[in-house]
Amino acid sequence: MSLFFVLREGFGGLRHSRFSGFVATATVAISLILIGIFLIITVNLGKFVQFLRSRVELEVFLDDSFDEIKIQDLTDEIKRMEGVANLTFISKEMAIREFQNLFKDKQEDYFETLGYNPLPASFRVKLQDNYRTASGAEVVFKSLSSLEDIREEDIVYTREYLVILEKYIKFAIAIDFIVGIIVCLSALLLVSNNIRLIILSKNKIIETMKLVGATNFFIRTPLFIQGIVQGFLGGIISALFLYTLLKLAAIEIPGFISVDWRIYLLLANLGILLGFAGSFAAVRRYL
Amino acid sequence: MSLFFVLREGFGGLRHSRFSGFVATATVAISLILIGIFLIITVNLGKFVQFLRSRVELEVFLDDSFDEIKIQDLTDEIKRMEGVANLTFISKEMAIREFQNLFKDKQEDYFETLGYNPLPASFRVKLQDNYRTASGAEVVFKSLSSLEDIREEDIVYTREYLVILEKYIKFAIAIDFIVGIIVCLSALLLVSNNIRLIILSKNKIIETMKLVGATNFFIRTPLFIQGIVQGFLGGIISALFLYTLLKLAAIEIPGFISVDWRIYLLLANLGILLGFAGSFAAVRRYL
Amino acid sequence: MLKLHNLKMRYPNGDGLDGVNLEVRNGEFVYLVGPTGAGKTSVLKLIYMEEFPDEGYVLVDEYSSQDIRDKEIPYLRRKLGIIFQDFKLLEDRDVFENVAFVLRVTGARSRDIKKKTLRALGEVGLSHKSRKMPEELSGGEQQRVAIARAIVNEPFILLADEPTGNLDPKTAVEILSLLDKLNARGTAVLMATHNYELVNNTSKRIVSIKNGRTLN
Amino acid sequence: MLKLHNLKMRYPNGDGLDGVNLEVRNGEFVYLVGPTGAGKTSVLKLIYMEEFPDEGYVLVDEYSSQDIRDKEIPYLRRKLGIIFQDFKLLEDRDVFENVAFVLRVTGARSRDIKKKTLRALGEVGLSHKSRKMPEELSGGEQQRVAIARAIVNEPFILLADEPTGNLDPKTAVEILSLLDKLNARGTAVLMATHNYELVNNTSKRIVSIKNGRTLN
Ligand SMILES: Nc1ncnc2c1ncn2[C@@H]1O[C@H](COP(=O)(O)OP(=O)(O)OP(=O)(O)O)[C@@H](O)[C@H]1O
Ligand SMILES: Nc1ncnc2c1ncn2[C@@H]1O[C@H](COP(=O)(O)OP(=O)(O)OP(=O)(O)O)[C@@H](O)[C@H]1O
Ligand SMILES: [Mg+2]
Ligand SMILES: [Mg+2]
């Protein structure tokens, strides 16, 4: 069988059913644009969540009676704790400086008047990534308050903020996940349906081809080529579209999140894959 | 022309091209699920943004020398300011109480020892909804600092947090908007394409019907009915799917965002609309 | 009354009709004969107004090719019964519904539809196949369904394009006598054929066509 | 060698074949005659193995209906030339490509394809229409394209199903002598027809079929 003829049949099919081909390509392109946007959202949702969670820390106030050795011991102990990433020691002097900074040294002389430093020293405890949640922070909170010499009331963190944040983050991740699955599945369904409809609309022609001696391979190969070419075109279009869109968005919104260029490569390849999988599914079932 | 026959043709068409009908319905359902999720995201994105922004406030520290009349004047003046929603006055006493609350009354006696209250009184200024942005807060900041007796250093707010937040919010809204448009357009394209393919696959039959005296109306009405029924079914399916999904999600994730039940009504109606618009577009072009 | 006057018509690729004159009076039976590719089917297409002439005109009862509006074409076609050379059956429904369709579009009552359809199927000898799909029929059976559909509504004019090409001689004679019977009841018949033998033994009027021209 | 032995075959709806015996020796010319609906087309379908017998068997050269594998069917069909009663042209390509297709599937060289295709089209008198689409042809022209496609590959056996139904007598005679010529060159021909007149004047072997049974 001549390869040339098979290729010509495949590309001829593209030319012939031009509008169907256009819609198939558009379907792939739309699906991939959605998948691309989904990927961009997922990546940036991750970054955003990290940003919001990076603000989570626990502050442990220390009794003035603790000496340096005690503080060193506590530091070591806390550092070893499950969920703790690192901690900063804020001495009484640093607390004063922060306090004054906050109130813009207007009351510079208060503490002098007072004659001693009323502010306690403290540890600022940063959490490991996977402990930056309401329950994670609670775990660390528990460990901290089980320490000798540290009372529950000495530990401060924004529990409420974390809980609400959590709710939204879970919601966003759930939605993101669901949309991702739906988009992928529907892309496959739509592409395969398109090839199916092309096959059905060529039903008589295919029947006749078989009657005059065409093998299944001879009939299928052009359809695969058609599917793959349409998929590839759809991939390229979606990449171009997203690229332009993000460039425009970046002009409109300074500091707009930038996107890894490999996503475009991924989309083109996904297009080919979709085209192939779609034709394959349809051909297996309807030829 | 008998209405009964037209109806029978329409529903017969559904029965006949069962798989095509299934795919058309599935296409509508998928499109509507995406639109539904998009709506839910939009609504909740709004709520989330409100939540994040509701935390934006400016604090204005007041000189101890201000007397009650002065404070009353300032209150009135600030309340009239562009962008200000309301403000709370925190007296020196309240500041002490908050301070003591924060440090868990460990140093209860410091201020007594000190003999006077070193903490300044302040206004907490809440912003109007549309001023809860980096630039909006800046506007209010400017107005506040232009007040006599208030220096720039007396005004405190989380500028940096706002800027980063802003970036992500703009990104999210832009994406949300783009996805919304794409989903709506592609839903229309896919539905109309499906009807188009049905028309093309019935091309010969339709030609023949015309040759034996069928009017355009006679040929089109069953297609409309088919499109509308498929659209309606798709709408129902998408509503059921989303309902189940959200119920499951709510079990998995306690406190999961709840959804207005009218969204399901909207989806069913959108389905009918999509079915009608899709058949209409295809029929106008291909019959 | 059916009249084609000085018709010229050209397909995009150059073939077509090049001077056709033809008149069929009410109730008349006329043969249109000519070799393959002469233009017989094209003449019929002009009558049921699938094609329009470049010159000349077609008159079918009160409709003229010169001023008929798109909306009127279905009503013109309802006055005609057409037996297509390639049958053109509706492949998505069975034999009964194929024939009944012509009545359904006119909004006939379903009792009448049933009665008339069954009678037409009986006349072409296919009563027992009324619930078969077109693809389950032999070539000759399909042709007879096409005939039943053309005659079911007792048309004003019957256009028959090679209606016996897939029939054996015995069935062909039956069909021809059926057309005669219809003609006797007042339907005008225009039958395109290359079955010269059939035509040689007839007393009916014959119009010859060759290379897109009618001869006198 | 082609042999059908004690064949029985039933379509889902009850019609079918009920005892068919038929043998065509290499290079023989056999007519299969019978009235409409007798089962002629069904016999041909069994030979090119679109249908399979419920009882009995079909032998075509080295292939037997009892043990042929799906993969072999295309190769069986390449040994046959089939003129379908309803033509079955490929509507998505022009006349030339319709005929050339049979050669393309065998992987022939494009120079050979061109030469053979043009010769086959010349033999049915359609050289000048080679770039037309099937729908732009008259009924008789379509039938001749179907004939050209069936003979272009010089098949081992030619199955002709009513190959002159849409042709005028002169063209029909030409086509028949073309089949004769092919037969003289060694191709066996099995021609299904209800054209008794044609058959009455022939010296060739005739097999009659009626109600799904062959008579002797
Ligand atoms: N749709 C078309 N487009 C272009 N050319 C056409 C079309 N239909 C027919 N022709 C050409 O017009 C000429 C007349 O065709 P027509 O079908 O009228 O012949 P006919 O007399 O019916 O022949 P037959 O007996 O073979 O059916 C032929 O040469 C044919 O090729
Ligand atoms: N695919 C099918 N399914 C069911 N029944 C069929 C099918 N094809 C043919 N038949 C029936 O089988 C019988 C024989 O049909 P066949 O097509 O073989 O007849 P034929 O001899 O070719 O007739 P004709 O001269 O009219 O073409 C007929 O009664 C027909 O209705
Ligand atoms: Mg014709
Ligand atoms: Mg037959």
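We name chains A, B, ... by the order of the sequence lines, and we start the count at 1 in each one. These numbers were taken from a predicted model, which means no experiment stands behind them. FYI, side chains are in, hydrogens and waters are out, and symmetry mates aren't considered; it's all heavy atoms of this structure.
- No part of D/Thr41 comes within reach of chain C, as not one of its non-hydrogen atoms sits under 4.5 angstrom from that chain.
- Of the possible polar contacts, none joining the D/Asp161 side chain to the D/Ile83 backbone as a donor-acceptor pair under 3.5 Å is found.
- If you measure heavy-atom distances from D/Arg144 to chain C, the contacts under 4.5 Å come from the side chain alone.
- Residues C/Asp94 and C/Lys129 are not paired through a salt bridge, judged by the lack of any N-O separation under 4.0 Å between the basic side chain and the carboxylate.
- Among C/Arg131, C/Glu136, C/Lys40, the residue making the largest number of heavy-atom pairs under 4.5 Å with chain D is C/Glu136.
- C/Asn195 does not touch chain D: none of its heavy atoms, backbone or side chain, sits under 4.5 Å away.
- Neither the backbone nor the side chain of D/Lys45 comes within less than 4.5 Å of any heavy atom of chain C.
- From C/Ile157, atom CD1 reaches atom CG of C/Leu190 across 8.5 Å, with rounding to the nearest 0.5 Å.
- Only the side chain of D/Ser138 comes within contact range of chain C, with at least one heavy atom under 4.5 Å from a heavy atom of that chain.
- For the residue pair C/Asn166 / C/Gln142, no side-chain donor-acceptor distance below 3.5 Å is found, with atom types taken as modelled.
- With hydrogens and angles ignored, the 3.5 Å screen pairs a side-chain donor or acceptor of C/Asn98 with a backbone N or O of C/Leu90.
- Only the side chain of D/Lys132 comes within contact range of chain C, with at least one heavy atom under 4.5 Å from a heavy atom of that chain.
- Between the side chain of D/Lys204 and the main chain of D/Tyr31, no donor-acceptor pair closer than 3.5 Å is present.
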